[in-house]
Enquirer: 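Have a look at the structure that comes next, please.
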Amino acid sequence: MLLDVSHLTVRYGGQAPAVSDVSFQLDNGEIFAVVGESGSGKSTVLRTIIGLLPENGYIAGGSICFAGRELTGLSPARWQKIRGNRIGYVFQDAGASLNPVRKIGSQFTEFIRCHRSVSRHDAKDLELDIMRRLNLSDGDRILRSYPSQLSGGMKQRVSLAMAMATGPELIIADEPTSALDTVSQAQIMRELLFLKESFGTAILLVTHNIGVAAHIADKIGIMRSGAMLECARAEEVISRPKAAYTKRLLANVMKLNEAPSIASARSGKVIFTLENIAKKYATEDGKDKTTALEHLSLKIYDGELLGIAGESGCGKSTLARLLLGLEKPDDGRVVFRGADMAQMSGPQRRAYFRQAQMVFQEPASTFSPRMKIGAVLREPLKNFRLKRPNAQQQAVKDALEGMLLPAAYVKRYPHELSGGELQRVSLARCLEIRPEIIIYDEPTSALDATIQKQVLEDISKTHAEHGLTSILISHDIALLRQVCSRIAVLYRGHVAEILRGEERLSDIRHPYTRELFGAAYTLDANAARPAAISEDCGSGDAAAGCVYYGRCGRREEACRQSMPALTDYGGGHMCACFLTDGGNDDLLG
Ligand code: SF4
């Protein structure tokens, strides 16, 4: 037995246990997936195992035995010896764990020399060797790059290579793909499998996605509210779940061959026109600039539910900020109902801020933890002088009831609500202002399958009932396909393809979009584990050509020379690719 966690209980300060009586075992060469929504305690379990609990966190009971040695009660110095050496770890956001102003090679060398007494030269050899063994082609170029020059998926693969450089027996991966598109997610999962099969490395994977766990794990543990609800071999949990929560999770996993219930079609009236938009940001050291959006043109129609898909760093959040009027493009125009947003006067801008609202990824981080829900919902009524003080109480009650939440929630604090309920409060707060446009920024990315489905239904229902124009941003294209009337697929600041909601999977044309769908970990009856996907060669391979060139499995010499234009293939289905044959094969294989 490599890792034996027994009756583990963890608390933060004097609060109720964040993790309560959790037990599981992991053998050499096994993958154990801990599945649960954000707040279920799964990340606390991981942080406890690697000795990285925050200051007010402590082990209140139980034991953690790693390779025959008890870890609870170890001094920080002893933890330091195990962490990074015998237990490697990969965090959720590789971008945040890499220093943006230092090249990958220098960070990699520093990591190795922290854990091994080797010369810089030998460290470099080790870096190239591990990258070669992990099929990271062009290791030299990657080591010479800054993090901002690599895609999100490539940064996470570099993190994995670093974690493997010291030859650990166990890799702990905390939601390593939650910010990545499905293609990059499949690539990371393939690499975890490769580590297990080639090096016998055990992997403890935390994920909110039971579809991923079903495809790659040997064992699955389901966590909720700090407790392990069930823990067994993966096939047993998937085919014979015991806990009602697990049954609901499995029933609500997105399926690609399920007919989508699309919210509404476009009206034909344009509300936003983005004309040849370019936006760059300075790197943190101020010496360089990274491109967020380039030559981006897009029309958004009144009353449509538009999905924006792509991996982290593709420009979708920049697009949202431009639409909200929080930023101006460096080049090009954002036109709202015929008027250039950059030319809005102060009063016009203030009026616009009421018309367009945003729902964020993590509602908990947008609420003060010390404000009760009633006060949260009273704020916009006061700030925008929408209701007299004596009418506010009733308006708050109505707002809660409108989202099917009990009126008694006015007395609750945000931490007393589930992730899905908090997202409903966010929506209720937006709707109080009676906006015309709502932009949702990854509203479901930290939620489990059941709550994800509820939130999608809420978005769809709100969109229809309030006659809104809605823009739903997500890295998960299978999720967008469930409700959106159109989906714009972004890749490195460019529109790769615009799909209609009713598009058949076989009509999808762009190699990137096809890979996004083909790499989704679904539980469709005939879905196999996502197949080998094209190698990510990073950026810079074809500066003048197609932005997807470095990663495209179907690239040709012509793709290096010039950028394909976004071409209409009929009915608003647009694609930026020189290929004319589309796909025509079954994406579910
Ligand atoms: S233009 Fe070429 S490189 Fe770009 S997506 Fe199409 S086939 Fe691939």
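Read the numbers this way: they start at 1 and go in the same order the structure lists the ligands and their atoms. These values consider heavy atoms only, across backbone and side chains, with no hydrogens, waters or symmetry-generated copies.
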Enquirer: Which protein non-hydrogen atom lies closest to atom 4 (Fe) of ligand 1, naming both residue and atom, and how far is it?
Expert: Cys546 SG, 2.3 Å
Enquirer: Given 3.5 Å as the limit, does a donor-acceptor pair link the side chain of Glu436 with the main chain of Leu468, or not?
Expert: no
Enquirer: So which of Glu556, Arg555, Arg509 actually passes side-chain contact (heavy atoms from CB on, under 4.5 Å) with Leu579?
Expert: Glu556
Enquirer: Closer than 4.0 angstrom: is that true for some heavy atom of Arg554 and an atom of ligand 1?
Expert: yes
Enquirer: How about His510 and Tyr548: are their ring centres within less than 6.0 Å of each other?
Expert: yes
Enquirer: Report yes or no: does Cys552 have an N/O/S atom closer than 2.8 Å to atom 2 (Fe) of ligand 1?
Expert: no
Enquirer: Can you list the ligand 1 atoms lying under 4.0 Å from a non-hydrogen atom of Leu579?
Expert: 7 (S)
Enquirer: For atom 1 (S) of ligand 1, grab the closest protein heavy atom and report residue, atom and distance to one decimal in Å.
Expert: Phe578 N, 3.4 Å
Enquirer: Find all atoms of ligand 1 within a distance of less than 4.0 Å from any non-hydrogen atom belonging to Pro511, and give their numbers and elements.
Expert: 5 (S)
Enquirer: Are Glu127 and Thr109 close enough that a side-chain donor and a side-chain acceptor fall under 3.5 Å?
Expert: yes
Enquirer: In Å, rounded to the nearest 0.5 Å, how long is the span from CD1 of Ile498 to CG of Asp568?
Expert: 8.5 Å
Enquirer: When you measure from atom 6 (Fe) of ligand 1 to the N, O or S atoms of Cys577, does any of those distances fall below 2.8 Å?
Expert: yes
Enquirer: Looking only at protein heavy atoms, which one is nearest to atom 2 (Fe) of ligand 1, and how far off is it?
Expert: Cys559 SG, 2.3 Å
Enquirer: Give a yes or no on whether a salt bridge exists between Asp458 and Lys461, defined as a side-chain N under 4.0 angstrom from a carboxylate O.
Expert: no
Enquirer: Any ion pair linking Asp331 and Lys279 (charged N to carboxylate O, less than 4.0 Å)?
Expert: no
Enquirer: Number the atoms of ligand 1 from 1 as they appear, then name those within less than 4.0 Å of a heavy atom of His510, with their elements.
Expert: 5 (S)
